[in-house]
Asker: 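The structure that follows is given in the form of structure tokens.
Residues take their numbers from the sequence shown, with the count starting at 1.
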Amino acid sequence: MSTKESKPNLSHSQVTEIIKRLYGWTVSVIRPLPSYDDQNFYVAPSEGGEYVLKVMNSADSHNITLIELQTHAMNFLHQRGLPAQTALPTLTGKLMSLEEFDCGFGPQKYLVRLLTYLPGTTVAKITCSPQILYDVGKMAATLDTVLLQMEHPNISVLQRADFIWNLTSVPLLNQYIHVMDGDPVQNVVKAVIKQYQIQVMPKLPLFRKCINHGDFNDHNLLVKPDGPSKYQISGILDFGDMSCGYFIFELAITIMYMMIENPNPVDVGGPVVAGWESVFPLSEAERDSLYLLVLCRFCQSLVLARHAVIQQPDNEEYLMITARTGVRHLCRLWELGKEEVERIWFQSAAQFSQP
């Protein structure tokens, strides 16, 4: 099934009906929120409160055990003081409901959850000071460290073999690389994939394992003002890419996404590494692989976004957010080379002083 066919396309009246039937509330305000391949709505019932109705695409809606585990992880983190959303029970006490709709491709089932709404501004919309970057790195490391303590009878479903967004799946990009035919950047992507196979794959057994959020990006992190010129992290969104991985993967993913909107992207790594290492110091093997893993995430984003646009061209603007600037950043990091980028990142991290 193509992404276009699996993505839900509910109307406001359908959302109103769902909220009334499953939760017993009357919707007074409803507005769409952006999403990669699901459908999200901001919902404010007349009874009070603010929520997000998350309608999973029909393909992922089959993975009920996985969604249950993601929902459990969000609650687990929330209980331990991290700003994650939590799911609200339906009138019958369930945290999710499988609903059937026809969104133009015949009746399909979509998993529906009502999540708490976290106020704040996405990191993508603010000018990131070194302090915010430090806090983001610290929060990413804290999240992975806390998730190590999580227990669940179905935790093995996070061993998502061949999950395309996991950094162990970088060689799988070769099957999508044709979407970049004719683009000179394709040569860089091919070279990065090859370097991953030579340099990183042999080191995987040396990396320390954890559960990754997997999408710690500037649109999934919310901040709120903390005084006249500072911010604090007020929300961590979207656990849909959670999987078993390694601590160093989370750091690489975080650095890559924090570079996207930054006017000095290469300088981002230092403060993020400093924040990360205040919680979880890196080993030599992890440090040595960081540069290449950041490049790999740029390649994943670029190739998979191009592929997704072919599947759902009407969602191109949202799908290509990261890819458009990511091309420049990928090429810049590749031109500078491992030695120079590592020097910038690790010297800056060592000198970073916590205000």
Side-chain angles (χ1 to χ4, degrees), residues 3 34-37 122-128 133 136 164-167 169-200 214-221 238 241 249-270 272-273 289-342 344-345:
T3 312
S35 178
Y36 200 86
D37 47 15
T122 60
V123 166
K125 290 182 179 173
I126 66 164
T127 303
C128 279
L133 294 171
V136 167
I164 195 64
W165 286 103
N166 191 303
L167 279 166
S169 298
V170 168
L172 298 180
L173 290 178
N174 282 317
Q175 62 189 279
Y176 299 100
I177 199 89
H178 62 87
V179 299
M180 298 191 69
D181 285 353
D183 187 329
V185 181
Q186 187 187 59
N187 292 326
V188 176
V189 174
K190 285 181 175 177
V192 170
I193 295 170
K194 190 172 182 182
Q195 284 299 304
Y196 173 89
Q197 291 171 304
I198 297 167
Q199 304 284 345
V200 177
D215 201 10
F216 219 74
N217 72 46
D218 49 343
H219 292 269
N220 285 339
L221 287 171
D238 194 355
D241 285 354
F249 285 7
E250 197 83 91
L251 175 57
I253 289 165
T254 305
I255 289 173
M256 175 271 189
Y257 284 121
M258 291 306 113
M259 288 177 67
I260 295 297
E261 300 292 342
N262 200 287
N264 303 300
V266 179
D267 296 338
V268 161
V272 176
V273 168
S289 302
L290 182 59
Y291 164 77
L292 207 48
L293 286 168
V294 171
L295 292 182
C296 286
R297 186 50 166 215
F298 273 116
C299 292
Q300 283 181 318
S301 172
L302 189 56
V303 173
L304 296 175
R306 292 267 181 96
H307 181 258
V309 166
I310 294 167
Q311 301 284 322
Q312 36 174 325
D314 49 350
N315 201 20
E316 179 174 359
E317 187 180 351
Y318 179 74
L319 293 171
M320 292 296 290
I321 286 172
T322 304
R324 285 208 174 94
T325 46
V327 172
R328 291 200 308 273
H329 299 340
L330 171 64
C331 293
R332 178 74 177 132
L333 289 175
W334 184 250
E335 286 162 11
L336 285 171
K338 179 176 186 285
E339 200 174 316
E340 175 63 9
V341 174
E342 284 182 346
I344 294 167
W345 287 353

Asker: What do the steps show when you test His219 against Asp238 for side chain to side chain contact (heavy atoms under 4.5 Å, CB included), and what is the final call?
Answerer: CA-CA 9 Å; His219 292 269; Asp238 194 355; over 6 Å; no

Asker: Side chain to side chain contact (heavy atoms under 4.5 Å, CB included) for Val179 and Val309? Distances and angles first, verdict last.
Answerer: CA-CA 10 Å; Val179 299; Val309 166; over 6 Å; no

Asker: For residues 251-268, run the donor-acceptor check on the side chains, cut-off 3.5 Å, and write out each pair with its distance to 0.1 Å, sequence neighbours left out.
Answerer:
residue	atom	partner	partner atom	Å
Thr254	OG1	Glu250	O	2.7
Tyr257	OH	Arg297	NE	3.3
Tyr257	OH	Arg297	NH2	3.4
Asn262	OD1	Asn264	N	2.9

Asker: How many angstroms lie between CG in Asp241 and CG in Asn166, if you round to the nearest 0.5 Å?
Answerer: 9.5 Å

Asker: Mind listing the closest non-hydrogen atom pair of Tyr196 and Cys296 along with its distance?
Answerer: CD1-SG, 3.6 Å

Asker: The criterion is salt bridge (charged side-chain N to carboxylate O under 4.0 Å, His left out); which residues satisfy it with Lys125, sequence neighbours excluded?
Answerer: none

Asker: Contact between Trp345 and Val341 at the side-chain level, heavy atoms closer than 4.5 Å - yes or no?
Answerer: yes

Asker: Below 4.5 Å, heavy atoms only, C-beta onward: do Val303 and His307 meet side chain to side chain?
Answerer: no

Asker: Is it the case that atom CD in Gln175 sees more than 12 heavy atoms from other parts of the structure closer than 6.0 Å?
Answerer: yes

Asker: On a heavy-atom basis, which atom in Glu340 and which in Leu336 lie closest, and how many Å separate them?
Answerer: CB-O, 3.5 Å

Asker: Given side chains that start at C-beta, do those of Pro171 and Gln197 come closer than 4.5 Å, heavy atoms only?
Answerer: yes

Asker: With rounding to the nearest 0.5 Å, note down the distance linking OG in Ser301 to CG in Leu330.
Answerer: 10.0 Å

Asker: Looking at Cys299 and Leu173, what are the two nearest heavy atoms and their distance?
Answerer: C-CD1, 4.0 Å

Asker: Between Asp215 and Trp165, is any pair of side-chain heavy atoms under 4.5 Å apart?
Answerer: no

Asker: Are Leu293 and Val200 packed together at the side-chain level, in the sense that at least one heavy-atom pair is separated by less than 4.5 angstrom?
Answerer: yes

Asker: Is there side-chain contact between Ile164 and Leu304, with heavy atoms separated by less than 4.5 Å?
Answerer: yes

Asker: Can I get a per-line list of side-chain donor-acceptor pairs under 3.5 Å for residues 182-195, giving both atom names and the distance, sequence neighbours left out?
Answerer:
residue	atom	partner	partner atom	Å
Asp183	OD1	Val185	N	2.9
Asp183	OD2	Arg306	NH1	3.3
Asp183	OD2	Arg306	NH2	2.8
Gln186	NE2	Ile177	O	3.0
Gln186	NE2	Asp181	OD1	2.9

Asker: Does Val170 form a side chain to side chain contact (heavy atoms under 4.5 Å, CB included) with Gln300? I'd like the steps, not just the answer.
Answerer: CA-CA 7 Å; Val170 168; Gln300 283 181 318; 4.3 Å; yes

Asker: Would you find a donor on one side and an acceptor on the other, under 3.5 Å apart, between the side chain of Tyr291 and the backbone of Leu333?
Answerer: yes

